[in-house]
Amino acid sequence: MKSALPWFTPPNFPLYLAPMAGVSDKIFRQFCKERGADVLVTEFVSAEGVFRRNERTREYLDFDECERPLGVQLFGGHAEHMAEAARHVIDWVQPDFIDLNFGCPVNKVVAKNGGSALLKDCPTLAAVAGAVVQAAAPVPVTAKIRIGWCENSINAPDVARILEDLGIAAIAVHGRTRSQGYSGAADWEVIGQVAAAVDVPVIGNGDITCAADVARRRTETGIAGIMIGRAAMSAPWIFEQIKHELATGELLPPPDLSERWALIQRHCELAVEEWQHENNALRSMRSRLMAYSKGFPGSKALREKFQQVASLADLTRIAAEHLESAESAAVLL
C-alpha cells in the first residue's frame, strides 16, 4: 500500500473523526483528539463560499495546531472553483490535507451538484478531483464517498479507481447509498471491494460502535483505517476505549456520570466563549446536549430540560439535580 499520508505508515491504523455538519467544530474536534482520535476533518466547507471569500465560510476553517493532522473538507461541483478554493484554503490555514466531499446526502448540497450527487456524474467528479489534486500539490488530497447513489447504482469500486488514477491519496467510504441516508445497515462488503480495488489507503465508515467492530471490519475488509461519526457524538471517548481494548484486550469503562457532566459543562463554557453570547451559544448547543444525554439515567426527562436550556446557570442546575437524583437512586439499590 502506498500513501503520501504518514499516519498510514505501518503498523499505524488511524482512527478518524468523521466530518459532521454542526458537530465536528473546533471544540468537539479537540475533545475527540484529547481522547484518542488520530486524524480530524473539518465540517464540510462550501467551495463557492471560499471562492467568494465569504467571512462566515472562513470561520469553518479555523483550527488550532493541537488538532493536526487535520484536513479541510470542501464540497462543490465546479472544478475550477473547487481548485481555486483549495488554493485559498492552503494559503490561509495550511491544513495537512484537503478532503473532497463526494458523499454528503443532504438535499441542499446535492441540489448544487455537490456531495453524493457526483457519484452519478463521474466525468464531473473526475474533473473536480483532478483539478483539486493539481491545484493543491504538494498538499495531499483525499476523498470521501458513499457506495453509490442508490441500490441500483452501487459504483464505489469504480469511483475509487478513478480517484486513485487522478492522484487522490486516500479514500473514505461510507457504507450506505445516498438514497439510504443514515438508515439501514452499512454495507461493509462493498467497502471491502473498494479496499481490494485500489492501492491507496481506504478508510471504512459506518456503524462502528466498539473495538470489536473495528477488529472485525479490519480483518474482513483489509481497510487501512476507521472513521467514526455518530457514535462519537454521544461518546467522544470512544477513540481511547477502542485503542485501549485493541492494545490490551481489556474493556476501558466510559467516564463516570460526574466526568461526563464535567465534559458537557466544559463544552458549553467553550461554546459561550466562542460565540461571545451566552443565550445563542446555549441554544446552539441543545442538539449536542441531546446527543450527550444518550445512556444517561433518566435521559428522556433530561432531554426535555435540554430543550429549554438557555444559560450556563440553567445547565449547572440541571447537572446538580441529575447527579443528586442518580446518587439517590444508587443508594436505594
Side-chain angles (χ1 to χ4, degrees), residues 4-5 16-26 29 39-63 67-146 159-160 162-164 166-174 178 200-201 203 205 227 229:
L5 306 169
Y16 278 64
L17 171 66
M20 295 177 283
V23 176
S24 53
D25 59 10
K26 181 168 73 170
R29 291 196 305 265
V39 185
L40 307 176
V41 188
T42 65
E43 299 174 75
F44 65 60
V45 178
S46 165
E48 294 300 318
V50 175
F51 182 75
R52 292 178 169 80
R53 294 172 171 77
N54 178 278
E55 284 302 314
R56 172 72 174 161
T57 301
R58 287 195 66 161
E59 292 175 10
Y60 290 113
L61 304 176
D62 184 37
F63 69 91
E67 298 177 57
R68 294 187 184 277
L70 175 137
V72 169
Q73 188 181 78
L74 296 173
F75 79 89
H78 190 297
E80 292 179 8
H81 289 189
M82 285 282 283
E84 190 63 22
R87 292 190 193 97
H88 287 326
V89 167
I90 291 167
D91 182 51
W92 291 340
V93 297
Q94 295 85 50
D96 296 286
F97 60 101
I98 296 291
D99 188 57
L100 301 179
N101 182 329
F102 296 140
C104 180
V106 176
N107 286 333
K108 67 179 182 179
V109 173
V110 170
K112 296 177 181 177
N113 203 31
S116 55
L118 293 177
L119 295 175
K120 57 177 183 175
D121 184 0
C122 287
T124 300
L125 178 145
V128 167
V132 175
V133 167
Q134 186 173 6
V139 174
V141 179
T142 66
K144 186 176 184 190
I145 65 174
R146 285 185 169 237
V159 170
I162 291 169
L163 294 172
E164 179 181 39
L166 291 166
I168 293 295
I171 302 165
V173 186
H174 183 124
R178 188 271 172 175
V200 295
I203 306 112
N205 177 215
M227 183 174 280

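These values consider heavy atoms only, across backbone and side chains, with no hydrogens, waters or symmetry-generated copies.
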Answer yes or no: is there a side-chain heavy-atom contact under 4.5 Å between [X] and [Y]?
X: Val141; Y: Leu100; value: yes
X: Leu74; Y: Asn101; value: no
X: Thr142; Y: Leu5; value: yes
X: Phe75; Y: Ser46; value: yes
X: Leu119; Y: Val159; value: yes
X: Phe44; Y: Val109; value: yes
X: Val41; Y: Leu17; value: no

Report the distance from atom [atom1] of [X] to atom [atom2] of [Y], rounding to the nearest 0.5 Å.
X: His174; Y: Cys104; atom1: NE2; atom2: SG; value: 11.0 Å
X: His88; Y: His81; atom1: NE2; atom2: NE2; value: 10.0 Å
X: Gln73; Y: Tyr60; atom1: CD; atom2: OH; value: 13.5 Å
X: Thr42; Y: Leu70; atom1: OG1; atom2: CG; value: 6.5 Å
X: Glu59; Y: Lys26; atom1: CD; atom2: NZ; value: 11.0 Å
X: Leu61; Y: Trp92; atom1: CG; atom2: CH2; value: 6.5 Å

Within the side chain of [X], is there an N or O that forms a donor-acceptor pair under 3.5 Å with the backbone of [Y]?
X: Asn205; Y: Met227; answer: yes
X: Glu43; Y: Gly22; answer: yes
X: Arg178; Y: Pro105; answer: yes
X: Arg29; Y: Leu40; answer: no

Inset, instruction - Among residues two or more places apart or on two chains, list those pairs meeting salt bridge (charged side-chain N to carboxylate O under 4.0 Å, His left out) that have a residue in residues 72-81. - result: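 For residues 72-81, and leaving out neighbouring residues, there are no salt bridge (charged side-chain N to carboxylate O under 4.0 Å, His left out) pairs at all.
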Legend entry - Distance-only polar pair, side chains of His78 and Glu48, donor-acceptor under 3.5 Å: no
Inset, instruction - Would you check, one step at a time, whether the test side chain to side chain contact (heavy atoms under 4.5 Å, CB included) holds for Ile98 with Val132? - result: CA-CA 9 Å; Ile98 296 291; Val132 175; 4.1 Å; yes
Which heavy atom in [X] sits nearest to a heavy atom in [Y], and how many Å separate them?
X: Val200; Y: Ala169; result: CB-O, 3.6 Å
X: Ala143; Y: Phe102; result: CB-CD1, 4.1 Å
X: Val139; Y: Phe97; result: CG1-CA, 3.8 Å
X: Ala18; Y: Gly229; result: CB-CA, 3.7 Å
X: Ala47; Y: Ala85; result: O-CB, 3.6 Å
X: Leu118; Y: Gly77; result: CD1-CA, 4.5 Å

Enumerate donor-acceptor pairs with a distance under 3.5 Å from any side-chain N or O in residues 123-130 to protein atoms, sequence neighbours excluded.
residue, atom, partner, partner atom, Å
Thr124, OG1, Asp121, OD1, 3.2
Thr124, OG1, Asp121, OD2, 2.7

